[in-house]
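Accompanying notes for the structure given below.
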Amino acid sequence: FLAWHRRLKLFKIDVEMQEFCQRYAAEYNKHNPPKRVVFLDAFLIVVHDRSHQPVYACERMIMGNFIKHNNNSGQVHERVHERNT
């Protein structure tokens, strides 16, 4: 396992990358594409009152139906009736 401060740093990098992608998506969407690109706000939760202080990378829950076609690891989801979060 990575040391706690190293894990926290990696989670922070992920949140910063999400913000970076949001800016690029906004620029892309200015050109009125056929489908807009949207990235959700990401945030961290650190549970300080637990001995190992777990860190969670979070996004708000999206209500309704949607299809997430891939993830950050390159996995492609082909089952269209499965909720992917």
> Can you check whether Y56 reaches V47 side chain to side chain, under 4.5 Å on heavy atoms?
Replying inline: yes
>> Tell me whether V55 shares a hydrophobic cluster with V15, the cluster being built from Ile, Leu, Val, Met, Phe, Trp, Tyr side chains joined at under 4.5 Å.
In response: yes
>> Within this structure, what is the NZ-CD distance for the pair K9 and E16, rounded to the nearest 0.5 Å?
In response: 10.0 Å
> How many angstroms lie between atom CG of L44 and atom CG of L8, to the nearest 0.5 angstrom?
Replying inline: 6.5 Å
>> Could you check whether any side-chain heavy atom of D41 comes within less than 4.5 Å of a side-chain heavy atom of E19, counting everything from C-beta outward?
In response: no
>> Is there a path of hydrophobic side-chain contacts, each under 4.5 Å between heavy atoms, that joins L40 and V37?
In response: no
>> Return the CE to CZ distance between M17 and F39, rounded to the nearest 0.5 Å.
In response: 10.5 Å
>> Determine whether a donor-acceptor pair (N or O, by modelled atom type, separation under 3.5 Å) exists between the side chain of Q53 and the backbone of W4.
In response: no
>> Taking the six-membered ring for Trp, are Y24 and Y28 closer than 6.0 Å centroid to centroid?
In response: no
> Roughly how far, to the nearest 0.5 Å, is the NE2 atom of H5 from the CG atom of L10?
Replying inline: 10.0 Å
>> Given 3.5 Å as the limit, does a donor-acceptor pair link the side chain of Q18 with the main chain of A42, or not?
In response: no
>> Tell me the closest heavy-atom pair linking R50 and P54, and the distance in Å.
In response: CB-CD, 3.9 Å
